[in-house]
Amino acid sequence: QLQLQESGPGLVKPSETLSLTCSVSGGSISSSPYYWGWIRQPPGKGLEWIGTIYYVGGTYYNSSLKSRVTISIDTSKNQFSVKLSSVTAADTAVYYCARHKTHWGPGAFDIWGQGTMVTVSS
Amino acid sequence: QSALTQPASVSGSPGQSITISCTGTSNDVGGFNYVSWYQQYPGKAPKLMIYDVSNRPSGVSNRFSGSKSGNTASLTISGLQAEDEADYFCSSYTIRSTRVFGGGTKLTVL
């Protein structure tokens, strides 16, 4: 059964770069043409899609974050990652990685990681 | 990209049916049959309940159903149960090949 697990620093200083990795277990990230995404949720607020990457590397980003976000994939390690630069307190959130159910593009998310809380503070 | 519009809260009594709306534009909800719905309990990751407007993943109760009319999608929960009390989020594919979420709806079972 496919499982996703986020990892990375729980505390990031303002103006620095937030870096998180999603490790995929129970299946190969490159064995099927799936899309993989990142979503975040500020405390007490709704979900915000950050971006998505195809298993061979094509990317899609939220236009409001596009200038600061980079999503990459490492099929040899069976993981994908997100980097968000120049962070502020507004980037404090629970960050989720998830798999898109579809093979055509950023469709519904059917498998989610448990989420990891990232706080931006000096 | 603007978030989809959902009511902040809805409520219902056990056994009743409730409907949560999700309003977008012709560039997202109205333009594609790629609306999905998620259930989220406090402190937990979201769970997919409906995809592609009206399809239920394996294991999701048939009390949950989805539909769409124009730029508004809807999630209906019939035979409301105490365990349905949670936050619900809609999401849609958009004309820019991106995804957008709704603001979320808190369901209270009275």
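Lettering of chains follows the sequences in order, A, B, ..., and the numbering in each one begins at 1.
The interface of residues 64-84 of chain B with chain A, defined by heavy-atom distances below 4.5 Å, is empty. Residues of residues 12-26 of chain B never come closer than 4.5 Å to chain A when only heavy atoms are counted.
Interface residue A:Tyr96: only side-chain heavy atoms are found under 4.5 Å from chain B. Of the atoms belonging to B:Ser91, not a single heavy atom falls under 4.5 Å from chain A. Heavy atoms of B:Gln40 lying under 4.5 Å from chain A belong exclusively to its side chain. With a 4.5 Å cut-off on non-hydrogen atoms, B:Pro42 does not touch chain A at all.
Note on B:Leu110 and B:Leu107: separate hydrophobic clusters, where clusters join Ile, Leu, Val, Met, Phe, Trp and Tyr whose side-chain heavy atoms are under 4.5 Å apart, directly or indirectly. The cluster map of Ile, Leu, Val, Met, Phe, Trp and Tyr, joined by side-chain heavy atoms under 4.5 Å apart, puts B:Tyr41 and B:Trp37 in different clusters. Follow the hydrophobic side-chain contacts under 4.5 Å out from A:Leu11 and you never reach A:Val120; the two are in separate clusters.
Of all the listed residues (B:Ser97, B:Gly104, B:Gly103), the one sharing the greatest number of non-hydrogen pairs under 4.5 Å with chain A is B:Ser97. Of the listed residues (A:Gly113, A:Gly51, A:Gly107), the one with the most heavy-atom contacts under 4.5 Å to chain B is A:Gly107. Between chain A and the residues B:Ser92, B:Pro57, B:Pro46, B:Ala45, the most heavy-atom pairs under 4.5 angstrom are made by B:Pro46.
Within the structure, side-chain hydrogen bond (donor to acceptor under 3.5 Å, both in side chains) contacts touching residues 106-121 of chain A (residues at least two apart or in different chains) are A:Arg99-A:Asp110.
Taken to the nearest 0.5 Å, the CZ atom of A:Arg40 stands 12.5 Å off from the CZ atom of B:Phe101. Residue B:Leu48 holds its CG atom at 10.0 Å from CD1 of A:Ile111, rounded to the nearest 0.5 Å. The OH atom of B:Tyr38 sits 9.0 Å away from the CG atom of A:Leu47 when rounded to the nearest 0.5 Å.
Contact check for A:Trp49 versus B:Thr98: side-chain heavy atoms found under the 4.5 Å cut-off. A:Phe109 has its side chain within reach of B:Arg99: a pair of non-hydrogen atoms, C-beta onward, lies under 4.5 Å apart.
Membership of the apolar cluster around B:Ile95 extends to A:Trp104, B:Phe32, B:Tyr34, B:Tyr93, as traced through chained side-chain contacts below 4.5 Å between ILVMFWY residues.
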